[in-house]
Amino acid sequence: MTEERLTAAARLLARGRSDAIASADYWAGDDAWSIGCRAYAFSKHQLARAAESGRYAWLGVLDETHHFVFLIEGVPVRFYRGDAEDPSKRTLRQQENEAEQLALALGSDGSEGLMFRFAVETELDGTVKRIVFLALRGEAGRVECFWPAPLSDGPDERRNSRNFLQLPLSAGAKMAARPAQARNRAGSKASSREQGQLEGA
């Protein structure tokens, strides 16, 4: 997986959420929940449309349902709205087809318990704050890679200028040495209904 590919996927996710917020009609009854559902659908659509168009030869879709799984050079990835440092049990649930595809892409030994996720973190108004690419392993969600994707081309993003991500990245693991399930879940109940829709069951 290259940084260029991960950045492109993150920007497609951000564009989907941005389009959903721009099309919101609060007068007609839109609220955080309906916009969140639309943001998930719009983000899926951005990825699927880019894959179908051939815009990115490395991009594909494995599962088009609400369990949406897309592919980066054959490696399955999912996305969710929520804290990158505190993935939920739902986020850490691996679909059968996802696990099978990962074993095909990486081999059964290296892929055991491994999963790749994009965490879409948002501001109070629903806009994207940052998108983090995660490599997580096991039911505890041990972090093996934690990489905030650059969503703009400004000078602050120059630190992400290398061509390839080497997994696992120990620098990310230091930040999240504790298992994901043991971290503070403050505020998770307030967003659980929206997150259930955004992640897909």
Side-chain angles (χ1 to χ4, degrees), residues 1 5-53 55-56 59-72 75-95 97-98 115-136 141 146-154 157 180 185-201:
M1 293 186 181
R5 292 172 179 177
L6 296 177
T7 298
R11 290 179 179 181
L12 288 169
L13 291 172
R15 186 176 306 155
R17 174 164 282 273
S18 177
D19 288 348
I21 292 172
S23 66
D25 188 342
Y26 296 99
W27 185 86
D30 263 329
D31 57 16
W33 182 81
S34 64
I35 294 169
C37 292
R38 192 176 294 119
Y40 183 71
F42 280 28
S43 295
K44 288 193 327 179
H45 178 70
Q46 285 288 335
L47 289 164
R49 187 175 66 179
E52 290 169 3
S53 70
R55 178 180 174 189
Y56 301 112
L59 182 63
V61 175
L62 178 66
D63 187 342
E64 296 182 351
T65 70
H66 287 299
H67 302 292
F68 191 74
V69 182
F70 65 100
L71 302 170
I72 297 178
V75 177
V77 183
R78 298 180 66 194
F79 72 94
Y80 70 97
R81 189 206 63 79
D83 190 349
E85 299 180 35
D86 190 21
S88 68
K89 290 182 179 180
R90 182 186 291 270
T91 298
L92 297 172
R93 188 180 304 153
Q94 196 172 44
Q95 302 300 318
N97 61 351
E98 178 189 358
M115 63 201 78
F116 297 106
R117 301 287 184 266
F118 276 102
V120 181
E121 297 183 342
T122 61
E123 304 286 1
L124 291 176
D125 62 359
T127 57
V128 173
K129 179 166 60 176
R130 69 172 180 172
I131 296 181
V132 180
F133 175 74
L134 300 166
L136 306 169
F146 186 100
W147 187 74
L151 299 179
S152 67
D153 296 316
E157 309 301 345
R185 297 186 178 278
S188 61
K189 290 183 180 180
S191 62
S192 60
R193 185 171 63 171
E194 181 191 353
Q195 181 144 344
Q197 291 292 330
L198 298 182
E199 293 173 342

Heavy-atom pair of closest approach, residues [X] and [Y]:
X	Y	answer
Ser43	Leu13	OG-O, 3.1 Å
Ile72	Ala9	CD1-CB, 4.4 Å
Pro87	Thr91	CB-CG2, 3.9 Å
Arg38	Ala20	C-CB, 3.9 Å
Thr7	Pro150	CG2-O, 3.3 Å
Pro76	Leu62	CB-CD2, 4.4 Å

Go through the steps for Val61 and Phe68 under the test side chain to side chain contact (heavy atoms under 4.5 Å, CB included), then give the verdict.
CA-CA 8 Å; Val61 175; Phe68 191 74; 3.8 Å; yes

Taking atom [atom1] of [X] and atom [atom2] of [Y], what is their separation to the nearest 0.5 Å?
X	Y	atom1	atom2	answer
Ile21	Asp30	CD1	CG	11.0 Å
Leu6	Ile131	CG	CD1	11.5 Å
Leu59	Glu52	CG	CD	10.0 Å

With a 4.5 Å heavy-atom cut-off, do [X] and [Y] have their side chains touching?
X	Y	answer
Phe70	Leu12	no
Leu92	Leu136	yes
Ser23	Phe42	yes
Val132	Arg117	no
His66	Lys44	yes

Audit row: Arg17, Val120, side chain to side chain contact (heavy atoms under 4.5 Å, CB included) steps and yes/no
CA-CA 9 Å; Arg17 174 164 282 273; Val120 181; 4.1 Å; yes

Let me see the working for Val69 and Val77 under side chain to side chain contact (heavy atoms under 4.5 Å, CB included), right down to the final yes or no.
CA-CA 6 Å; Val69 182; Val77 183; over 6 Å; no

Pairing residues for Glu121 by the salt bridge (charged side-chain N to carboxylate O under 4.0 Å, His left out) criterion, not counting sequence neighbours
Arg130

What residues, two or more places apart in sequence or in another chain, satisfy salt bridge (charged side-chain N to carboxylate O under 4.0 Å, His left out) together with Asp19?
none

Should the pair Arg49-Glu64 be classified as a salt bridge under the 4.0 Å nitrogen-to-oxygen rule?
no

Looking at Asp63 and Arg78, does any basic side-chain N land under 4.0 Å from a carboxylate oxygen?
no

Option among Trp147, Phe146, Phe79, Phe118 that satisfies the ring-ring contact (aromatic ring centres under 6.0 Å, His included) test with Phe133:
Phe118

Side chain to side chain contact (heavy atoms under 4.5 Å, CB included) between Leu134 and Phe116, intermediate numbers included:
CA-CA 6 Å; Leu134 300 166; Phe116 297 106; over 6 Å; no

